[in-house]
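Before any comments, here is the structure.
In what follows, every chain begins at residue 1, and chains take the letters A, B, ... in the order their sequences are listed. What you are looking at is a predicted structure, and each value in this text was computed from that prediction instead of being measured.
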Amino acid sequence: MELWVGAIILGFLYAFLTLGSFLTFRVLHFPDITVDGSLTAGAATSAVLIAAGWNPFLTLGLAFLAGAAAGSVTAAINTRIKIDGLLAGILVMTGLYSVNLHLMGRSNISLINHTTFVSCLEKINPGLPAEIWLLVCLVPIMALFWIAASLFFKTDLGISMTATGNNPTMAAAAGVNVERMKIFGISLANGLTGLSGAVVAQYQGFADVGMGIGTVVTGLASVIIGETIFPLRSIYAKIFSAILGSVVFRLMIALALSAGLNPIDLKLLTAVFVLGALVLPGTFAKWPKARAAFAGFPRSATNLRRIRIALPGVAIAVLVLWSAVHFSQHGVIGTKICRIGIVQISDHAMLNTTRESFLKEMNVQGYLEGKNCAFLYRNAHSDTATINNILDDFLRQDVSLVVAISTPCTQAAINRIKDRPVLFATVADPFVIGAGKSDTEHKPNVTGVYGAVPMDVLLEKVRATLPGAVRIGCIWDPSQINAVVNVEDFRKAVERHPELTFVGTAVSGTSEVYQGVLSLVQRGVDVMVLPPDNVIYSAFESVVKAAKPRKIPIFITDVERIQDGALAALGYDYTSSGIQAAHLAERILKGEDPGRIPFQKYSHLTFALNTEVARELGVKFPPAIVSSATRIYGDKSAPCLGGLQASTEKAPSPGRVRRLALFHFTDSETVMRAVKGFMDELEKGDFLRRHAVKVDRISAQNDWNLAQAIARDIVRKKYDFVVTLSTPTLQMMVRTNREIPAVFGMVSDPYSLGAAKTPRDHPANLTGVATSPPVESALKIMRELFPKARKIGMVWNPSEACSEASMHRARKAAPAYGFELVEATAGSTGEVLDAVKSLAAKGIDLFFTSNDNTISLAVGSVAAFLHQQRIPYFSNTPVHVEQGAFLAIGADYEEVGKETGRMTREVVSGKSPKTIPILEFVPERVYINRGLANEYGVKLPQPLAEHATFIKR
Amino acid sequence: MIRIRDFHKRFHAGSINEVYPLRGINLHVRPGDFVTVIGTNGSGKSTLLNAIAGAFPPDSGTIEIDGEDVSGKKDFQRAKHIARVFQNPFVGTAPEMSIAENLHMAHLRGKKKLLRLGLGLEQRERLREEVRQLEMQMENRLENMMGTLSGGQRQAITLLMAVVAGPKVLLLDEHTAALDPKSAAQVIALTKRFVQNGGFTTLMVTHSMQQALELGNRTIMMHQGQIIEDISSEEKRRCTVEDLLDKFSELRKKERLTAEMLERLRRSY
Ligand SMILES: Nc1ncnc2c1ncn2[C@@H]1O[C@H](COP(=O)(O)OP(=O)(O)O)[C@@H](O)[C@H]1O
Ligand SMILES: [Mg+2]
């Protein structure tokens, strides 16, 4: 049912476009291609304004104007500069792409959590199913539109416009300003197109910069279908048939999909259909005449008429029959087995991998195709409009679960599907598309796995492989929303290292990639790094071709392409993401409420090296890189690997080698520092070799499930020692490991975790280093630098345990330094700034934040506000200073790693952890924004000035 | 009513395609004059009518209509005062619009095209009466598409469209040349009647010397972009087709027209 209702609604929403096409193609005889751009312009205008809080109905008017403006430019170019109409349309349409992108500010705007005309209508729904209600509302609107449009063509203006298109000479003779009339008509048509774009965007819940592609054909096809069904001359009939054509066009697509037609053929079919409809009437007109002349038949105008009416009649009959058959079929099957709809945007390798591993894991879990389960897999072949049709088809087939692979599919699915579970996979960021606010707080019928490639980790790989001053080239297409985000992350990561230079260039479309890379080569880059970007990866060969002659190594984020000429690739293991999704699917199918299943981050990274490329470029990988690689492409014993990979596979040296598991949760920069400190300490004086200890570094890659599995694995494999760096890995190990001697580091409070009671009262096999945020030291520095300050403002999130702990410590310590603490709470990032403002209103002298993730996400705006208020901003998190805070005092994690290493040496040397007390160790390090220090007129005392790290901003 | 002073027009000036169809036209047409225009092919007759209608501005010279200098005005701005009928019956009407709509367009000449439902029942009745004047039994076919009519019928409607809005100037450019003799005669009869009743200032280009002499009160003869003869109504009464042909022969002598060309002329007239 939904499939057909949805198709009719879409047909209605596109009817404005169809009327616009009718106006240009049929009335003005002007082949207008601008509509591809003006549809998006309307959608973009409406979406941007709605996101800014405008009334959705009001935005429709402006969307109309945006489309009309685009049309008037085409018409003006055609009439005033006398450029061919087709060419003028192409020019404007091409230019509009940039304009639309600028207008939107990114390639895609989500309207999920905003008021749209659909949600407004839903508010007055008397209790019908949402789609039916929308249809009920649209019918009178369409009737009104039909009458208004028909009447327009009956007015003097309308008749003059018709005359202008039909015979410009005659129109001019009747005093019509033909040029102006043409401009007016084309503007009107594009305005209607813009209106269609706006309502479609509001209906589907997002505007996308690519949504206009193919609009010309859609409009024209609808007009022609209408004419074929209703070949009548009255203007009422013509307008009616245009609206009808729009609906029938959508129904045909729905029918094709439900009949199992490959959507890849849809565009071709449409084109063939339009061509046929254009050619056939002419053929029919000639053919009976010829026959009549031959056989001496009387005039056969009636024959011709009969054929023209019979043709659509047959088409409709087939349509009805077909759908009847399909309804009955699915009515029978639908009740027996569970159906799972899988929709995927394109044939991108990572998406295919996700899907295949998902299906395999589902099989393993006992969901067998044809036996107890049917998997309906559909590919939208990069056409966003098709996704909606696919989803409608899923609804019609009454699937129990929709699996959306890729961001666009997820976006469409969460908007379209409300009454059954949606599971997403291979999505970089589900929050920007409105799937939820946090992992736990999200739409009730939606859950899934997501995650983005950590660009900072990739940068570390680049630095480790190519040490020293390096110019890093980066290329991306700004229409790719995830590319822009990743490039920004990457640029920031690069800028943290003064010896590195970021050289970037943006391109639009695959055809510009080659030149883009050449321009980077010209600017002297030493290495190319490609963030996730569908466009760039589609033209990866061009990157290789341009970079190869200069021997420039390429680092990529798509592991599947390592063999195509990249030196190294860091990316997700989409196999494991498919598996993770399959596990979620099983939970949902077993009856668990998806609203209560938190989103999962899939973050099983794979790191691949290509030894052939390394040989060509003369690159030798350092040991750390080789040992962290999970996949080697090419010769495994190549010299560039330094024999490392080979040696690890050889039999161990005589005597028992003891194994130490170094287990950490993430690969973040701070963790890597700690790892480095730890390893440095253990390698000192050849300690590891002398004690015949081999270290296996294992990362949980920020994944709780994975961490759990690794912890169990470590116990099962009977490691001799375990070292955990980070709180989660300690938590996992404490629960599973009761025997292996273990040392922890990078944990702020082992006591609240239940890992220990006091520094001396802890499990016999466990000890470690506790490093809490230096709250007291921060207060101390505040007192030193601002002797007159009295009130400290502090914002914290009561739902964050770490934040709360810091708060308590600050509360306790503040009086000792003569401060009064003024508190405000913020439940989400959105509330942070208001909380800070309320503190400012209470007259705080200083602001302080410690260990709070909520605030960490809003540091930029908080810092800007405080700066404007001249309130110095203190923190326990060093990166805050880079983001605009005044001073941060935090732990130096390399030192923490070293300290953990020292304790591990004792344990390896034979000392029992039981006898080693937990060490409180906070190697403080101060970071200061020098510009702000000058501005606030702060005199830095000597020791501080010497030891602090100064950050310019 | 029409006053043209030293009007020059060149097309594609400076290129090898340069043509110079109007070379200093001076013409004064009084209100109510019915002028027939004859001349060799390519002598600039149509171009002269185009110049009056405002299809292009003059290179030099001026043109006045009803005392107003319209040299700088475009065709649709002059349309209020000027109506035209062309040789090709397809040019003057819109084939995909009904007879009623076409005629309605004629009534809109020189008026603002507003969002007004002007083609109501009353207006249709009026149009029906107008079509009845043609005496071609089309008054009951007002809703028929223009494209379904014969050339003669279309040209008759075009002529009707030209006169219904009461133009000051009527320009007819060989408007019967493409019709069969019977239709041509019908359209000429209509032309005569309309011009007589309406008293429009009329310029009619024709290739029939007979017609040129029979119709109207004045005949001008064009050659190579200039008006070489201006025959007043008294002279016309005395003048015969032979006299006109002699004038062309004279031209031949003057301008060394080849005998072949003259022969062609004789055949065509
Ligand atoms: N708009 C124009 N552009 C170029 N040449 C033109 C144009 N109008 C007329 N001419 C040329 O001017 C000359 C006179 O044409 P015309 O006035 O049509 O002759 P006729 O007296 O047979 O009606 C012809 O050579 C014609 O090609
Ligand atoms: Mg001519």
Side-chain angles (χ1 to χ4, degrees), chain A residues 22-30 79-80 82 147-185 188 223 227 231-239 281-282 285 299 301 304-305, chain B residues 49-50 53-55 73-86 88-98 100-120 123-124 143-148 154 157-158 161-162 164-165 167 170-171 173:
Chain A
F22 174 77
L23 189 54
T24 46
F25 280 96
R26 285 295 181 247
V27 175
L28 291 173
H29 298 283
F30 183 90
T79 55
R80 303 273 192 247
K82 312 279 180 225
I147 291 172
S150 306
L151 284 179
F152 169 79
F153 285 104
K154 298 235 160 213
T155 62
D156 292 350
L157 182 66
I159 292 175
S160 303
M161 188 178 285
T162 313
T164 303
N166 201 211
N167 185 344
T169 317
M170 175 269 206
V176 176
N177 183 341
V178 171
E179 288 188 2
R180 209 192 292 161
M181 187 62 86
K182 223 166 150 185
I183 295 178
F184 173 67
L188 185 63
V223 169
E227 285 172 351
L232 297 178
R233 264 200 301 263
S234 125
I235 191 69
Y236 290 103
K238 281 183 175 173
I239 307 284
R299 289 225 170 144
L304 168 66
R305 246 244 155 87
Chain B
L49 261 56
N50 283 338
K73 294 212 167 156
K74 294 209 168 151
D75 49 2
F76 65 90
Q77 289 165 314
R78 299 187 202 180
K80 194 172 172 185
H81 304 298
I82 300 176
R84 309 181 71 182
V85 182
F86 301 93
N88 184 345
F90 294 95
V91 174
T93 53
E96 287 167 29
M97 294 168 75
S98 66
E101 284 171 328
N102 269 285
L103 269 173
H104 184 61
M105 279 303 291
H107 279 281
L108 288 178
R109 186 200 312 279
K111 287 191 198 145
K112 281 238 153 65
K113 279 72 179 173
L114 301 171
L115 274 175
R116 193 171 54 92
L117 292 168
L119 190 51
Q123 172 75 353
R124 266 171 218 277
E143 293 313 314
N144 284 21
M145 290 293 130
M146 208 66 200
T148 63
R154 283 184 81 160
I157 297 277
T158 313
M161 284 171 60
V164 283
L170 180 61
L171 303 175
D173 192 350

Margin query: Between B:A53, B:A106, B:G118, who has the most heavy-atom pairs with chain A when the cutoff is under 4.5 Å?
Written below: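 If we count pairs closer than 4.5 Å to chain A, B:G118 comes out on top.
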Notebook entry, point to check: So which of B:T158, B:N102, B:L117 has the biggest tally of heavy-atom pairs under 4.5 Å with chain A?
Noted result: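 Answer, by heavy-atom pair count under 4.5 Å with chain A: B:L117.
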May I ask you to test the [X]-[Y] pair for a side-chain heavy-atom distance under 4.5 Å?
X      : Y      : answer
B:M146 : B:I157 : yes
A:H29  : B:E96  : yes
A:L157 : A:F184 : yes
A:R80  : A:I183 : yes
A:I147 : A:F152 : no

Notebook entry, point to check: Looking at A:T162, A:D156, A:T155, A:I159, which one has more heavy-atom pairs under 4.5 Å with chain B than the rest?
Noted result: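 When all of A:T162, A:D156, A:T155, A:I159 are compared, A:D156 has the most.
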Margin query: Among A:M170, A:M181, A:K154, which residue has the highest count of heavy-atom pairs closer than 4.5 Å to chain B?
Written below: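 Between A:M170, A:M181, A:K154, the count favours A:M170.
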With a 4.5 angstrom heavy-atom cut-off, is it the side chain or the backbone of [X] that approaches chain A, or both, or neither?
X      : answer
B:H104 : side chain
B:L115 : both
B:R84  : neither

Item checked: Single hit among B:N88, B:V91, B:T93 for side-chain contact (heavy atoms from CB on, under 4.5 Å) with B:R154 ->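 That would be B:T93; it is the only one of B:N88, B:V91, B:T93 passing the side-chain contact (heavy atoms from CB on, under 4.5 Å) with B:R154.
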